[in-house]
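Everything below concerns the one structure shown next.
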There are 2 protein chains.
Amino acid sequence: MKNYELILKEHSLKVTPQRLGMLSIIDYVGHITIEELFANIRKDFCSISIATLYKNINSMVEVKILKEIKISNSKSKYEILKNEHSHMVCKKCEKLEDLNLCLDITIENASKKSGYIFDENALVLFGICPECQR
Amino acid sequence: MKNYELILKEHSLKVTPQRLGMLSIIDYVGHITIEELFANIRKDFCSISIATLYKNINSMVEVKILKEIKISNSKSKYEILKNEHSHMVCKKCEKLEDLNLCLDITIENASKKSGYIFDENALVLFGICPECQR
DNA sequence: TTGCAAAACGATAATCTTTCTTGTTTATAT
DNA sequence: ATATAAACAAGAAAGATTATCGTTTTGCAA
């Protein structure tokens, strides 16, 4: 990642300092909740409005710059939309990580079984991370 | 399903008409949002409070009688907790259906790759259902 | 550059959604 | 039957998200 200006332009969104700041934070931490992002960006833009944050999040989700990750028993997190991947959550330290899995066969099976034609999926695995296992 | 009274007792929750009503609706429709459930149960319990609904949903999720299904771009739905399974959503008619898939190999792979020990998963597939394909 | 129109911004009000509080009623175990 | 702990309804409160509106900024074109 890096050129957030270009990304915004490619998606026909105006380039504003607030948006650049948001993207750079999200990109840096990987995944973030609304309230974490708000707390974080206030360090750089002490007067940014929470309404601006929500509106920008929504615009960027809409044009698919960002993606919302819904997680059982916790708040949604947002990430920069990259190639499709799954997520895993550690139930102890609560961290969320990306996970690259091939679901082709699974999805093909699902398709055969159900008659659906699938083009999107959301998989979250829950467990204990290596560090918390000790 | 059927004996909701027993289910509540087994989970140490008191048996009330409101709870029985909720369970019977949820069981009947399979998956339901809070607001749908509220509209529905008001037909039988015209004076039930929304607070009661939320409290009961939360209690029943807590003791694992119910399960919340979080779905991208739509409101959470609740179902009666049965054996583990996945879900599929039709993007056209928006229906949500159960889907039984074996994810053992996928999860084993994920575990090998990441070092996590997984004991839970949430998979939702999005696409077009057979009816909407015509 | 400069100027214009459209979009974004901040502040705050409005609207959900969910939880909390309180006084009353009900379920269950004795 | 009765006691008590839990559940109930109603509404207030809290929290999360969206809408409104006057001001500022951006992107574009003269």
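- The residue A/Q18 sits close only to the backbone: its heavy atoms come under 4.0 Å of sugar-phosphate atoms, none of a base.
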Each nucleotide of nucleotides 19-30 of chain D classed B (base within 4.0 Å of a protein heavy atom), S (only sugar-phosphate) or -, in 5' to 3' order, makes B------BS---
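- Between B/T52 and D/dA9 there is a side-chain N or O to OP1 or OP2 distance below 4.0 Å.
- No side-chain donor-acceptor contact under 3.5 Å links B/H11 and B/E62.
- Distance check: B/N121 CG to A/L125 CG gives 6.0 Å after rounding to the nearest 0.5 Å.
- The line from CD1 of A/I50 to OG1 of A/T52 is 9.0 Å long, rounded to the nearest 0.5 Å.
- When all heavy atoms are compared, the tightest approach of A/K70 to A/V124 is O-CG2, 4.2 Å.
- Under the 4.5 Å side-chain contact rule for hydrophobic residues, A/I25 and A/L23 share a cluster.
- Close to C/dT19, at under 4.0 Å from its OP1 or OP2, lies a side-chain N or O of B/N58.
- The minimum heavy-atom distance between A/I57 and A/M22, with the atom names listed, is CG1-CE, 3.7 Å.
- Atom NZ in B/K14 sits 12.5 Å away from atom CG in B/L8 (nearest 0.5 Å).
- Sorted by residue number, the members of residues 37-48 of chain A with any non-hydrogen atom under 4.0 Å from DNA chain C read A/S47, A/I48.
- With hydrogens and angles left out, the side-chain atoms of A/H31 and A/E97 include no donor and acceptor closer than 3.5 Å.
- Between the CG atom of A/L20 and the P atom of C/dC9 there is a distance of 10 Å, rounded to whole Å.
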